[in-house]
Amino acid sequence: MPELPEAETIARGLDAAIAGRRIERIKIHRDEVVEPMSPAVFRRRLRGRYVERVGRRAKWITALLDDGGRWVTQLRMTGRFTWGSPSPLRAEPHLSASFVINNGDASGVLRFYDTRRFGRMWVLNESQWAEIDARLGVEPLSEELTPGSLAELLAGSSAPIRNWLLDQRRVAGIGNIYAVEACYRARIDPRRPAGSLERNDVRRLHNAIRRVLGRAVDRRGTTFSDYRDVLGAGGEFQNVLKAYGREDEQCARCGGTIERIVLAGRSAFFCAGCQV
DNA sequence: CGCCGTACCTGGAGGC
DNA sequence: TGCCTCCAGGTACGGC
């Protein structure tokens, strides 16, 4: 479900909801959500802490705590937060964890649902977080990603460019939807070896990555089924997808037909007429 | 080392 | 309706 734009939207919603507030009660409904931490240690490190700020790194949601710790969440495919009014912390289908958070004069409940149960959340110290952070590549919307730095990262790779874009160690935050859309916008065949891109290809790809992600953030992400922001609203970017999920439809740019292929086990969509 | 197939899970869609 | 297969926004791991 969530790639960079969805994680960004969720992080902004969480920041508005819980920054400056205290985590009063924690219930772990499914122990695996905190693996390899134990629920007891997770709760001990989080209970009573104030959340200073919620942000995003790649596809991770990170909340800075008042004791210097960091509460981090990896949403994976179907992880979802909801912020709502208090009610009993009872188990519901797909509910992995719930948190009672002091909301000024009242309290609210933050819930983490995860249908496919791939999502994880941990409370880390700064050096543990630094290790994770160091393994993640450059933020694609930051000034660090330039046509020149992208060209250096691409050099020497034989992986198809669509697969390369999914590798979080070089550029971090892009998932399958936006990798496919960026290749379409850049008019690059998703099968092209990453290291074969020439200067003009790299410039178009750089521009495409930033435009696609930037517009998807503006539209609060892409909703097919599971993804919702913390108040339950879907995104709008699915309405302007040009290639992803459009197998057999007409290409908006050249009138060709969008094809679906499988690369490294995952669908890619492209127009053979105008993506070279 | 780089790349890719597989595994981890559940549920929705579509074929029969 | 039921049963089967395929597919899904991510990523860790192991094999080659």
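As the structure is a computational prediction, the values presented were derived from the model and not from experiment. Residue numbers start from 1 in every chain, and the chains themselves are labelled A, B, ... in the order their sequence lines are given, proteins ahead of strands. The figures here come from the full heavy-atom set of this structure, side chains too, leaving out hydrogens, waters and symmetry mates.
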J.: Please give me every residue in residues 258-265 of chain A whose heavy atoms get under 4.0 Å of an atom in DNA chain B, ordered by residue number.
T.: A/A264, A/G265
J.: Which one of A/R56, A/R70, A/R169, A/R57 satisfies the salt bridge (Lys or Arg N to Asp or Glu O under 4.0 Å) criterion with A/D133?
T.: A/R57
J.: Under the ring pair (Phe, Tyr, Trp, His ring centres under 6.0 Å) test, which residues partner A/Y50, sequence neighbours left out?
T.: none
J.: Report which part of the nucleic acid A/R30 touches: base, sugar-phosphate, or nothing (heavy-atom distance under 4.0 Å, all strands).
T.: nothing
J.: Do the side-chain N or O atoms of A/H94 get closer than 4.0 angstrom to the phosphate oxygens (OP1, OP2) of B/dG11?
T.: yes
J.: Given Watson-Crick or G-U pairs with both distances under 3.5 Å, what dot-bracket string fits DNA chain B, with | for other-strand pairs and [ ] for crossing?
T.: .|||||||.|||||||
J.: For DNA chain B, what residues of residues 148-163 of chain A have any heavy atom nearer than 4.0 Å?
T.: A/S157, A/S158, A/A159, A/P160, A/N163
J.: Answer yes if the side chains of A/H206 and A/T146 hold a donor-acceptor pair under 3.5 Å, and no otherwise.
T.: no
J.: Among C/dG9, C/dA8, C/dT11, which nucleotide sits nearest the side chain of A/Q74?
T.: C/dT11
J.: For the residue pair A/R116 and A/T78, confirm or rule out a side-chain donor-acceptor distance under 3.5 Å.
T.: no
J.: Give a yes/no answer on whether the side chain of A/K59 brings an N or O atom under 4.0 Å of OP1 or OP2 in C/dG10.
T.: yes
J.: Tell me whether A/F118 and C/dT11 count as stacked here, given that the ring centres must be under 5.5 Å apart and the planes must differ by less than 30 degrees.
T.: no
J.: Compute whether any side-chain donor of one residue and acceptor of the other, for A/R260 and A/S267, lie under 3.5 angstrom apart.
T.: yes
J.: Take atom C1' in B/dC3 and the same atom in C/dG9, then report the distance between them in whole Å.
T.: 22 Å
J.: Name the atoms and distances for all side-chain donor-acceptor pairs under 3.5 Å in residues 269-276 of chain A, with sequence neighbours left out.
T.:
residue: A/Q275; atom: OE1; partner: A/C271; partner atom: N; Å: 2.8
residue: A/Q275; atom: NE2; partner: A/C183; partner atom: O; Å: 3.2
residue: A/Q275; atom: NE2; partner: A/I188; partner atom: O; Å: 2.9

J.: Is the phosphate of B/dC9 approached by A/T78 (side-chain N or O, under 4.0 Å from OP1 or OP2)?
T.: no
J.: Quick one: is C/dG10 close enough that its OP1 or OP2 comes under 4.0 Å of any side-chain N or O from A/R266?
T.: yes
J.: Can you tell me how far C1' of C/dT11 sits from CZ of A/R120, to the nearest Å?
T.: 11 Å
J.: Tell me whether the OP1 or OP2 atom of B/dC3 has a side-chain N or O from A/R170 closer than 4.0 Å.
T.: yes
J.: So, for A/G55 and A/A11, which heavy atoms are closest and what is the spacing to 0.1 Å?
T.: O-CB, 3.5 Å
J.: Could you pull out all donor-acceptor pairs under 3.5 Å where a side-chain atom in residues 16-23 of chain A meets a protein atom, sequence neighbours excluded?
T.:
residue: A/R21; atom: NE; partner: A/N103; partner atom: OD1; Å: 3.2
residue: A/R21; atom: NH1; partner: A/A17; partner atom: O; Å: 2.6
residue: A/R21; atom: NH1; partner: A/N103; partner atom: OD1; Å: 2.8
residue: A/R21; atom: NH2; partner: A/N103; partner atom: OD1; Å: 3.3

J.: Identify which one of A/F99, A/W71, A/W83, A/F81 satisfies the ring-ring contact (aromatic ring centres under 6.0 Å, His included) criterion when paired with A/F112.
T.: A/F81
J.: For A/F224, answer base if it contacts any base atom (sugar-phosphate contacts may also be present), sugar-phosphate if it contacts only those atoms, and nothing otherwise; contact means non-hydrogen atoms under 4.0 Å.
T.: base
J.: Taking CG from A/L4 and P from C/dG10, how many angstroms apart are they, rounded to a whole number?
T.: 11 Å
